[in-house]
Amino acid sequence: MWKPKWSEPCPCASGKKFKDCCWRRLPGFDIGKAYTAALREKHFERALQTTRADVTQYTIWHKTNTAPALAVVGDGLKLLRIDVNALGAYVGRLSSLYFHLGLWKDWTAVLDRLRTNIQHPAWYRKIAYYLAFYYLSPGGDRAKARQELAKAGPITKKEEDLELLQLYVDLEFDDLPFAARIEILDRILELDDDRENQLQYRGAKAVQYFMIGDAQTAGQQLAEVIGFVRQTEADEPLEGYEKHLYARLLQLLGSLKSDKPMLKESALQFHALLLEDRWTQAGRAAIQRELGDSYRYADEWDQAEAAYREALALGGSDLDKVHLAECLLYRKQIDAAATEIDTVKGEPLPRHEFEDFVFAYAAIAIWSAKAERLTEAKTLLRALAPGEPIFNDRRLNLLLRVTETLASGTASAAAKADSTPKGGLATVAGFFELKPNIAGIGFNFNAMIDYFARKKTKGEPDKSE
């Protein structure tokens, strides 16, 4: 059996020598059990020690059994795939613990030391994945994340690594044509039939169809995945992030169909999520925003306003101010809406949130009929370049109504009607909350860290051989 020498660096990548680190804690065939117990008791320091020992144990098994077998192409490559995925899952747990214990600044050095645990390009691609993930952390750099992901080599519809596919979707999806997006989503769905994965990426397919203006297919896709949940939840109740995804799916389908009962059902799901004690303050603010969206799509403006105000009280974002301004506008509090939208600094907003800001600003300009505001709205709409046909149609329609109102000095009933949600989909960012990516709401780093913590290793080989 292969084992590191006493004075060699420990395979767990702690930076310590093996004799000073994991040799006393190797779990053998109880691998993972001590980690689960420590996590259940919220002893994170102990969880870190046990996860390091799990990484070391699995590395020993790999170098003892799989590495020599790689000379035999068939069996060796099969075992290699299992080892890369299993050891990768233990490294994912490590990443979660390094983040929660305030050790995140050391993570790139840890990954560099882990590079030799499996000496094969498939493992180097996994390291590239975790490096890219690191650069997506709060305060990170998406450009560097894309650079690291590129080191993994071409990612196609035949890709075998599910996590690489999911990260590729988050970082590169906007640059792909529609057909290529659907192929990648279908590949992800093929590789993992886990219900959470199916909710995420079947919902994402619906969003893609919606973005090209095919609302009928989008609705069919959403109805199918919601039906799938309703068929299975009696025997297998929704857990954790599944509940969140399901609430969003209901909201999306309800908004597409203008189905108020379904939108209210989604609102009830968000209310239930708020009763759970697992949320940070920022997490509660995000749920309040989604609750406000459900009420807004249902034309329940009072309740929507209350939800957005609660989100802002919890430290919400400028997007909450944008939607609060819309609530005020459609309750005919035009001056209050204008005051609220003027507190938003549009340019620093992410692209889709900025599009929401411009659409809301244009609607307020039309209802106010003030020349200065209409002129600014016209400038914003002309400069805007949505990548999705359905939102570009919305832009052009608003630009027409702004121009008409500016010329006449009065907003016609038709202009006011077209500026409302019923005149064309008013929100952009909301329809990217099921953008197909690894975390489900754009890139939600904390959700992904929690996913790594709870992820189970699958298909570990029998290391007794």
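Taking the six-membered ring for Trp and the full ring otherwise, the centers of W279 and H244 sit less than 6.0 Å from each other. Aromatic pair Y209/F178: centroids less than 6.0 angstrom apart.
The neighbour count for E183 CD, taken as heavy atoms of other residues, nucleotides or ligands under 6.0 Å away, is above 12. Residue-environment remark: CD (E372) stays at or below the threshold of 12 foreign heavy atoms within 6.0 Å. With a 6.0 Å radius and a threshold of 12 heavy atoms from other residues, nucleotides or ligands, E190 has its CD atom above the threshold. Within a 6.0 Å radius of NZ in K416, more than 12 heavy atoms belonging to other residues, nucleotides or ligands are found.
In this structure, the side chains of K260 and D299 come closer than 4.5 Å at one or more pairs of heavy atoms. Taking the side chain as every heavy atom from C-beta outward, L222 and F210 never approach each other to under 4.5 Å. Considering only heavy atoms from C-beta on, L94 stays 4.5 Å or farther from D54 through its side chain. Taking the side chain as every heavy atom from C-beta outward, Y361 and L381 never approach each other to under 4.5 Å. For the pair L329/I334, a side-chain contact is recorded, criterion being any heavy-atom separation below 4.5 Å from C-beta on. Side-chain atoms of I155 and L149, non-hydrogen and from C-beta on, do get closer than 4.5 Å to each other. With contacts defined as side-chain heavy-atom distances shorter than 4.5 Å, the pair L398/S419 qualifies. Side-chain contact between V225 and Q198 is absent, with no heavy-atom pair separated by less than 4.5 Å.
Taking CD1 from I127 and CD from E148, the interatomic distance works out to 11.0 Å, rounded to the nearest 0.5 Å. Note that the CG atom of L238 and the CD atom of E196 stand 10.0 Å from one another [nearest 0.5 Å]. Distance check: Q166 CD to I188 CD1 gives 5.5 Å after rounding to the nearest 0.5 Å. A distance of 11.0 Å separates OH of Y295 from CZ of F270, quoted to the nearest 0.5 Å. Here L39 contributes atom CG and H100 contributes atom NE2; the two are 9.0 Å apart, rounded to the nearest 0.5 Å. One finds the CG atom of L268 at 11.0 Å from the CG atom of L273 (value rounded to the nearest 0.5 Å).
Remark: the Q288 side chain and the D320 side chain contain no N/O donor-acceptor pair separated by less than 3.5 Å. Inspection of the S137 and W104 side chains reveals an N or O donor paired with an N or O acceptor under 3.5 Å. Side-chain contact check for Y308 and D293: at least one donor-acceptor pair (N or O, by modelled atom type) lies under 3.5 Å. Side-chain polar atoms of Y201 and R187 form no donor-acceptor pair below 3.5 angstrom. One side chain, S317 or R289, offers a donor N or O that lies under 3.5 Å from an acceptor on the other. Side-chain N/O atoms of R195 and T232 include a donor and acceptor closer than 3.5 Å. No donor-acceptor contact under 3.5 angstrom links the side chains of N397 and R394, judged on distance only.
In this structure, K243 pairs ionically with E276, as a charged nitrogen and a carboxylate oxygen lie closer than 4.0 Å. Contact check on D186 versus K205 returns a salt bridge, with a Lys/Arg side-chain nitrogen under 4.0 Å from an Asp/Glu carboxylate oxygen. A salt bridge is absent between R373 and E376; no separation between the charged side-chain nitrogens and carboxylate oxygens falls under 4.0 Å. Taking 4.0 Å as the cut-off between side-chain N and carboxylate O, E310 and R284 do not count as a salt-bridged pair. Salt bridge D161/K126: present, at least one basic N to carboxylate O contact under 4.0 Å.
Counting only distance, with no hydrogens or angles, the side chain of S96 and the backbone of G92 share no donor-acceptor pair below 3.5 Å. Judged by distance alone, the side chain of E41 and the main-chain N or O of H43 form no donor-acceptor pair under 3.5 Å. No side-chain donor-acceptor contact under 3.5 Å links R296 to the backbone of C327. Side-chain N or O atoms of Q208 include none that pairs as donor or acceptor with a backbone N or O of I182 at under 3.5 Å. Between the side chain of T217 and the backbone N or O of D214 there is no donor-acceptor pair closer than 3.5 Å. Of the possible polar contacts, one joining the E242 side chain to the E239 backbone as a donor-acceptor pair under 3.5 Å is found. Although no hydrogens or angles enter the test, the distance criterion places no donor-acceptor pair under 3.5 Å between the side chain of Y35 and the main chain of R52. Not one N or O on the side chain of R93 forms a donor-acceptor pair closer than 3.5 Å with the backbone of T51. Distance alone, capped at 3.5 Å, is enough to place a donor-acceptor pair between the N85 side chain and the R81 backbone. When atom types are taken as modelled, the side chain of D318 and the backbone of V344 share no donor-acceptor pair closer than 3.5 angstrom.
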Checking side chain to side chain contact (heavy atoms under 4.5 Å, CB included) for the pair V91/Y58: CA distance, chi angles, key distance, verdict? CA-CA 11 Å; V91 172; Y58 206 98; over 6 Å; no
Evaluate the side chain to side chain contact (heavy atoms under 4.5 Å, CB included) criterion for residues L131 and W107: first the C-alpha distance (whole Å), next the side-chain angles of each, then the deciding distance (0.1 Å), finally the verdict. CA-CA 9 Å; L131 277 168; W107 185 236; over 6 Å; no
Can L171 and L136 be said to form a side chain to side chain contact (heavy atoms under 4.5 Å, CB included), step by step? CA-CA 10 Å; L171 288 172; L136 287 173; 3.9 Å; yes
Might you work through the side chain to side chain contact (heavy atoms under 4.5 Å, CB included) test for E159 and R125, ending with a clear yes or no? CA-CA 12 Å; E159 177 62 54; R125 297 180 88 222; 2.8 Å; yes
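Scanning all heavy atoms of the two residues, the minimum distance from A325 to I364 falls at CB-CD1, 4.0 Å. Summarising the geometry of L253 relative to G219, their closest heavy-atom pair is CD1-O, 3.7 Å, with the distance given to 0.1 Å. What you find for A411 and I366 is that their closest heavy atoms are CB-O, 3.1 Å. Minimum interatomic distance between T410 and A369 (heavy atoms only, all atoms of both residues): CA-CB, 4.4 Å. Closest non-hydrogen pair, Y130 versus S95, comes out as CE2-OG, 4.5 Å. Of all the heavy atoms in K105 and Y134, the pair that sits closest is CA-OH, 4.5 Å.
Both tests pass for R202 against the ring of F228: distance under 6.0 Å to the centre and angle within 45° of the axis.
Considering R230, Q251, Q269 in turn, R230 is the only one that fulfils the side chain to side chain donor-acceptor pair (under 3.5 Å) rule with Y246.
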